K.L.:
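Pasting a structure below so you can have a look.
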Amino acid sequence: MADKYELVIEMAKRRGFLWNSFELYGGTAGFFDYGPLGAMLKRRVENIWRDIFVINEGFYEIEVPTIGIEDIFIASGHVSGFSDPLTECQKCNEAFRADHLVQDVVTNPDIMSADELTEVIKKNNIKCPECGGKLGTVYEFNLMFNTSIGPGSKRKGYLRPETAQGMFVDFPRLLKFYRDHLPFGATQIGKAYRNEISPRQGVIRLREFTQAEAEIFIDPRDKTHPKFTEVAGIELNLFSHEAQEKGESQKMSIGNAVANGIIAHQFLGYCLARTYQFLIRVGVSSGKLRFRQHMKDEMAHYAADCWDAEIHSDRFGWVEIVGIADRTDYDLKSHSKQSGTELSVYVPYDTPKKIQRFAVKPDMGVLGPKWKGKAGKIAAALKALKAEELSGDHIELTIDGEKITIEKEAVTFETITEDVHGENIIPHVIEPSFGIDRITYSILEHSFFEEEAEVEDGEDDKKRLVLRLPPEVAPVQAAVLPLLTREELIGPANDIIKKLRAAGILVAFDDSGTIGRRYRRNDEIGTPYSITVDYRTLEDGTVTIRDRNSMKQVRTGMNDIANNIYDLIYRGKPFDKAGTIVK
RNA sequence: GCACCGAUGGUCUAGCGGCUAUGACUUUAGCCUUCCAAGCUAAUAACUCGGGUUCAAAUCCCGAUCGGUGCACCA
């Protein structure tokens with residue numbers, strides 16, 4: 001009956017990967033603690049993400065407050081759009097979306113306030129669709145956690161529901177940092193918060209979770225990627241619109257998918273490829289990974305194309321762990337409007353363009369003294385006029401409802417030809433957005449194996465629990481085990497520990513119980529390598545290294561043990577090159 | 001948020017109105033042990049919380065919390 005989720009979570013709790021938060025006080029749904037091993041695992045996943053997106057792609061990381069002011073979320077649409085108007089039946093207590101109930105009677109319920117919706121329901125005598133009962137007052141349930149900034153409640157604040165807005169808000173600073181050149185990107189790894197109505201599914205649906213997001217600002221006219229050829233050959237499991245209608249995903253190279261128009265453009269394809277490489281590197285199994293394209297009706301209206309990386313989970317089926325979207329210029333435009341600041345990039349042309357422009361020049365020397373305070377408005381109105389409107393003897397204007405007549409001497413106009421060297425464009429945004437908690441859980445589930453161990457005569461079936469984590473993400477990277485609990489073996493073991501720690505390797509010492517038990521303990525938490533000190537160590541200074549996956553051993557010198565282990569973990573050194581095979 | 005089901009050491013579990021609350025595994029200390037968990041000895045450790053019924057509640061009732069399942073929600 002126990003499914004894999006149960007097995008994995010049980011192990012994770014017992015060994016210190018994941019704990020329910022606030023357990024001491026009974027716990028609260030939607031919150032999880034990372035224990036000592038879980039926190040380390042998660043940190044290593046984040047660091048690999050940094051290696052790929054920050055170091056190799058050059059998208060510097062920023063860090064902004066997790067609390068945002070109201071303006072940000074008005075611009076992003078979260079204040080209005082991240083809430084649902086609910087109404088409850090007074091009789092059967094069922095809750096309904098008020099906007100859905102009135103959509104037949106009014107044209108655009110989306111933009112109506114709760115009060116307006118209440119009014120509409122009352123006027124049209126709309127009843128509970130379940131039992132026909134009376135419906136209560138409409139209220140907004142917003143999924144953002146809110147708070148107030150400073151004493152009193154004047155300044156509203158919200159815990160951010162995504163890290164993305166931080167990068168958009170800092171756009172002008174980022175643009176300067178990158179010296180006014182497109183494309184550029186910024187990333188952020190941090191907490192985000194959503195006050196889910198009823199979170200279930202353990203660590204899959206959290207109220208506080210960690211996102212790793214990149215916002216990459218590109219020229220909307222050029223969505224190619226200079227390094228596209230590097231990834232064009234990578235084959236992905238694609239679940240496109242068409243594939244979803246057929247119900248079957250297809251293997252296809254990124255190059256082909258872009259060429260055939262399945263993926264909208266190179267830049268998006270490139271992000272899919274790097275996402276794939278990241279997920280495989282941290283330990284998601286490729287056979288349980290697919291990229292699903294959003295259907296047209298599921299995509300945000302502003303998005304050009306959107307793909308989710310999904311992993312297959314034993315209990316939950318296909319689960320979204322990454323979203324990769326072309327958000328076009330939606331976010332920058334919204335913040336531009338809300339803040340009243342232009343958010344654009346000046347892009348020079350290769351060769352300057354000749355542009356013919358009609359220019360109106362009000363003579364402020366005449367207008368100023370005559371019209372005083374109104375002169376500014378008059379000048380602005382004049383500039384908006386066309387040639388034929390300016391050519392009469394008098395020009396009639398209406399300023400603040402007052403008719404004003406301007407003599408033609410007060411204004412000159414001409415059509416001028418000038419060189420234009422470039423233009424301001426609003427970049428498009430490509431957004432790969434990663435749910436780090438879901439990825440961390442996926443790794444645990446995909447790495448978790450229950451194996452039949454060899455059984456000697458007269459023994460029952462034996463199970464070996466092993467977490468086949470990639471060495472690079474394993475929280476404990478090496479265990480040092482004296483074969484027997486004896487002083488003379490513990491000495492060299494401590495020397496080895498010192499060397500490994502100096503090389504930045506997280507190492508555990510364990511001398512409790514039989515050697516077999518200790519191997520199993522380490523298998524269960526995914527420790528990739530165990531170093532055993534035996535009596536031969538005292539004779540010739542060699543130790544054995546045991547490989548967690550194969551349970552094979554090599555014997556090697558303890559002098560360069562740190563380099564040896566480091567190469568095994570980080571440089572992909574094959575295990576049989578680490579020493580001479582034992583047996 | 002609604003409905004149904006569940007909750008006992010770290011983990012799994014016995015209990016069915018009255019016990020000093022089973023047992024196993026784990027863990028810890030010691031013994032033994034020269035390479036793949038469960039040899040020996042000992043120790044630590046639990047009735048989710050709050051009310052109620054009763055002489056007496058882990059056990060019955062009510063509520064809360066958490067977990068599971070279905071519905072709703074998931075920008």
Side-chain angles (χ1 to χ4, degrees), chain A residues 1-3 5-7 9-16 19-31 35 73 76-89 92-97 100 110 129-131 139 141-144 161-162 164 194-202 204-207 298-303 315 320 323 451 453-456 459-460 462-466 481-486 488-489 511-524 530-538 543-548 550-553 555 582-583:
Chain A
M1 194 62 195
D3 65 2
Y5 175 84
E6 233 164 287
L7 293 170
I9 289 294
E10 189 274 315
M11 184 283 292
K13 276 188 183 161
R14 192 161 38 79
R15 299 308 305 270
W19 296 324
N20 284 101
S21 296
F22 325 127
E23 220 169 24
L24 184 61
Y25 294 103
T28 300
F31 296 96
F73 302 114
S76 70
H78 286 98
V79 167
S80 56
F82 198 44
S83 68
D84 296 322
L86 295 182
T87 178
E88 284 175 34
C89 172
C92 69
N93 289 328
E94 195 71 47
F96 299 96
R97 288 277 297 269
H100 290 179
D110 298 358
E130 287 289 319
C131 71
Y139 60 95
F141 185 81
N142 192 293
L143 263 38
M144 283 193 291
E162 59 177 23
R194 297 176 188 188
N195 201 2
E196 300 286 354
I197 295 172
S198 173
R200 297 266 181 86
Q201 310 172 318
I204 298 295
R205 188 103 167 260
L206 296 171
R207 286 184 165 125
E298 141 186 43
M299 205 149 45
H301 62 276
Y302 49 81
R315 176 184 284 194
E320 173 193 353
E451 297 179 347
E454 282 179 36
V455 180
E456 290 175 22
E459 281 183 322
D460 293 337
K462 286 200 276 192
K463 289 244 169 70
R464 172 187 186 235
L465 294 184
V466 56
L481 318 170
L483 188 58
L484 303 173
T485 315
R486 299 230 172 110
E488 59 269 32
L489 297 181
D511 71 341
S512 161
T514 63
I515 189 70
R517 180 190 289 276
R518 285 177 276 161
Y519 284 147
R520 291 302 158 85
R521 268 204 284 258
N522 279 291
D523 287 343
E524 199 181 25
S530 295
I531 298 159
T532 306
V533 177
D534 57 15
Y535 278 96
R536 207 173 131 191
T537 308
L538 303 180
V543 293
T544 63
I545 305 176
R546 169 191 179 268
D547 175 49
R548 174 249 286 149
S550 65
M551 300 198 280
K552 292 206 170 101
Q553 283 180 292
R555 186 167 277 278
V582 173
K583 268 185 279 184

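Predicted model, so just to flag it, every value in this text is computed and none were measured. Protein chains get the first letters and strands the later ones, always in sequence-line order, with residue 1 at the start of each.
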K.L.:
Now, which nucleotide makes the Watson-Crick or G-U wobble pair with B:rA43, with each of the two distances under 3.5 Å?
P.N.:
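Across all strands, the one nucleotide that pairs with B:rA43 is B:rU27.
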K.L.:
Would you say the side chain of A:E196 and the base of B:rC74 hold a donor-acceptor pair, judged only by whether the two atoms sit under 3.5 Å apart?
P.N.:
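Per atom types, no contact qualifies.
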K.L.:
What distance separates A:Q201 CD from A:Y5 OH, expressed to the nearest 0.5 Å?
P.N.:
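Rounded to the nearest 0.5 Å, the CD-OH separation comes out at 8.5 Å.
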K.L.:
From NE2 of A:H78 over to P of B:rC74, roughly how many Å is that when rounded to an integer?
P.N.:
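That distance rounds to 14 Å.
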K.L.:
Might you point out which heavy atoms bring A:R207 and A:N195 nearest each other, and give the distance in Å?
P.N.:
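For A:R207 versus A:N195, the nearest heavy atoms are NE-OD1, 3.5 Å.
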K.L.:
What is the distance from OH of A:Y519 to C1' of B:rA37, rounded to the nearest Å?
P.N.:
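So the OH-C1' distance, A:Y519 to B:rA37, works out to 13 Å.
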K.L.:
Is any side-chain N or O of A:S512 closer than 4.0 Å to OP1 or OP2 of B:rU28?
P.N.:
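The answer is yes; a side-chain N or O of A:S512 sits under 4.0 Å from OP1 or OP2.
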K.L.:
If I take atom CG in residue A:D511 and atom C1' in nucleotide B:rG30, what distance separates them, rounded to the nearest angstrom?
P.N.:
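It works out to 13 Å between those atoms.
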K.L.:
Could you measure between the two P atoms, the one in B:rU28 and the one in B:rU69, and give it in whole Å?
P.N.:
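Pairwise P distance, B:rU28 against B:rU69, rounds to 34 Å.
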K.L.:
B:rA46 and B:rA7: how far apart are their C1' atoms, nearest whole angstrom?
P.N.:
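It comes out at 12 Å once rounded to the nearest Å.
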K.L.:
To the nearest Å, give me how far apart CZ (A:R521) and P (B:rC25) are.
P.N.:
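So the CZ-P distance, A:R521 to B:rC25, works out to 15 Å.
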K.L.:
Could you tell me which non-hydrogen atom of A:Y535 sits nearest to which non-hydrogen atom of A:E488, and how far apart they are?
P.N.:
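Shortest heavy-atom contact: OH-OE2, 2.7 Å.
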K.L.:
Whether the side chain of A:R546 and the base of B:rC36 hold a donor-acceptor pair under 3.5 Å is what I'd like checked.
P.N.:
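Flag set: donor-acceptor pair detected.
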K.L.:
Checking contacts here: which listed nucleotide (B:rU33, B:rC35, B:rC36) is nearest the side-chain heavy atoms of A:D534?
P.N.:
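Output: B:rC35.
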K.L.:
Please determine whether a side-chain nitrogen or oxygen atom of A:R548 lies at a distance below 4.0 Å from atom OP1 or OP2 of B:rC36.
P.N.:
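Answer no for this pair, as no side-chain N or O of A:R548 is under 4.0 Å from OP1 or OP2.
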K.L.:
Suppose we define a pair by two distances each less than 3.5 Å, Watson-Crick or G-U wobble; what does B:rC71 pair with here?
P.N.:
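With both distances under 3.5 Å, B:rC71 matches B:rG1.
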K.L.:
If I pick the C1' atom on B:rG51 and the same atom on B:rU65, what distance separates them, to the nearest angstrom?
P.N.:
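My reading of the C1' atoms in B:rU65 and B:rG51 gives 14 Å.
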K.L.:
Which pair of non-hydrogen atoms, one from A:F73 and one from A:P161, has the smallest distance, and what is that distance?
P.N.:
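It is CE2-CD, 3.4 Å.
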K.L.:
Can you tell me the distance, in whole Å, between the CG atom of A:L483 and the P atom of B:rU33?
P.N.:
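Nearest whole value for this atom pair: 12 Å.
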K.L.:
For a 4.5 angstrom cut-off between non-hydrogen side-chain atoms, does A:R518 reach A:P482?
P.N.:
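Yes. Closest side-chain heavy atoms under 4.5 Å.
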K.L.:
In whole Å, what is the span from the CD1 atom of A:I204 to the C1' atom of B:rC73?
P.N.:
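Rounded to the whole Å, the gap is 18 Å.
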K.L.:
Write down the distance separating the C1' atoms in B:rA64 and B:rU26, rounded off to the nearest Å.
P.N.:
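These two C1' atoms come out 33 Å apart once rounded.
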K.L.:
Specify the closest pair of heavy atoms between A:G35 and A:W19, including all atoms of both residues, with the distance to one decimal.
P.N.:
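Of all heavy-atom pairs spanning A:G35 and A:W19, the closest is CA-CZ3, 3.8 Å.
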K.L.:
Quote, to the nearest angstrom, the C1' distance that separates B:rA56 from B:rG6.
P.N.:
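After rounding to an integer number of Å, I get 27 Å for this pair.
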K.L.:
Can you name the nearest heavy-atom pair linking A:R555 to A:T544, along with the distance?
P.N.:
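Closest approach of A:R555 to A:T544: NH2-CG2, 3.5 Å.
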K.L.:
I want to check one thing: is the phosphate of B:rU26, taken as OP1 and OP2, less than 4.0 Å away from some side-chain N or O of A:R517?
P.N.:
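A:R517 to B:rU26 OP1/OP2: side-chain N or O found under 4.0 Å.
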K.L.:
Hey, are the side chains of A:R521 and A:R517 touching, using non-hydrogen atoms and a 4.5 Å cut-off?
P.N.:
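The answer is yes, as the side chains (C-beta and beyond) meet within the 4.5 Å cut-off.
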K.L.:
Between B:rC5 and B:rU11, how far apart are the C1' atoms? Round to whole Å, please.
P.N.:
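After rounding to an integer number of Å, I get 22 Å for this pair.
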K.L.:
Specify the residue among A:T485 and A:G77 whose closest nucleotide of RNA chain B lies further upstream toward the 5′ end.
P.N.:
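Result: A:T485.
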K.L.:
Just checking A:R518: base, sugar-phosphate only, or nothing, at a heavy-atom cut-off of under 4.0 Å?
P.N.:
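Nothing: the residue A:R518, judged by heavy atoms under 4.0 Å, touches no strand.
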K.L.:
Looking at residues at least two apart in the chain, or sitting in another chain, which of them share a side chain to side chain contact (heavy atoms under 4.5 Å, CB included) with A:N20?
P.N.:
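Side chain to side chain contact (heavy atoms under 4.5 Å, CB included) list for A:N20, sorted by chain: A:K13, A:E23, A:F32.
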K.L.:
So A:T544, base contact, sugar-phosphate only, or nothing? Heavy-atom distance under 4.0 Å.
P.N.:
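Answer is base: heavy atoms of A:T544 come under 4.0 Å of a base.
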K.L.:
What is the minimum heavy-atom distance between A:V533 and A:L489, and which atoms define it?
P.N.:
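So the minimum-distance heavy-atom pair works out to CG1-O, 3.6 Å.
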K.L.:
Let's test this: given Watson-Crick or G-U wobble pairing with both distances under 3.5 Å, identify the partner of B:rU65.
P.N.:
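WC or wobble partner is B:rA7.
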K.L.:
For B:rA21, give the paired nucleotide (Watson-Crick: N1-N3 plus N6-O4 or O6-N4; G-U: N1-O2 and O6-N3; both under 3.5 Å), or none.
P.N.:
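Checking every strand shown, B:rA21 finds no partner, since no pair has both distances under 3.5 Å.
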K.L.:
Expressed as a whole number of Å, how far does the P atom of B:rA43 sit from that of B:rG23?
P.N.:
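One P to the other, the span is 13 Å.
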K.L.:
Can you tabulate the close N/O pairs, meaning under 3.5 Å, that link protein atoms to atoms of nucleotides 8-12 of chain B?
P.N.:
{"from": "B:rU11", "atom 1": "O2'", "to": "A:E10", "atom 2": "OE2", "distance (Å)": "3.3"}

K.L.:
Between atom CG in A:L143 and atom C1' in B:rG1, what is the gap in whole Å?
P.N.:
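Nearest whole value for this atom pair: 13 Å.
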K.L.:
Using atom P of each nucleotide, how far apart are B:rC35 and B:rA24 to the nearest Å?
P.N.:
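Comparing P positions in B:rC35 and B:rA24 gives a spacing of 29 Å.
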K.L.:
Does A:R464 reach a base, just sugar-phosphate, or nothing at all? Heavy atoms under 4.0 Å.
P.N.:
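If one applies the 4.0 Å heavy-atom cut-off, A:R464 turns out to touch nothing in the nucleic acid.
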K.L.:
Between A:T532 and A:L483, is there a donor-acceptor pair closer than 3.5 Å when you use the side chain of the first and the backbone of the second?
P.N.:
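A pair under 3.5 Å: no.
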K.L.:
Rounded to whole Å, how long is the line connecting atom CZ of A:R520 with atom P of B:rU27?
P.N.:
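Roughly 13 Å, once rounded to whole Å.
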K.L.:
Only pairs with both distances under 3.5 Å count, Watson-Crick or wobble alike; so what is the partner of B:rC35 in this structure?
P.N.:
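Pairing partner, where one exists within any strand: none, as none qualifies.
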K.L.:
Does A:R205 have a side-chain nitrogen or oxygen under 4.0 Å from the phosphate oxygens OP1 or OP2 of B:rC73?
P.N.:
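No, no such contact exists.
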K.L.:
Applying salt bridge (charged side-chain N to carboxylate O under 4.0 Å, His left out) between A:D523 and each of A:R464, A:R15, A:R548, report the one that passes.
P.N.:
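Among A:R464, A:R15, A:R548, the one meeting salt bridge (charged side-chain N to carboxylate O under 4.0 Å, His left out) with A:D523 is A:R464.
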K.L.:
Within the 4.0 Å limit for protein heavy atoms, which parts of nucleotides 62-69 of chain B are touched? Write it as a string from 5' to 3', B for base, S for sugar-phosphate only, - for none.
P.N.:
---SSSSB
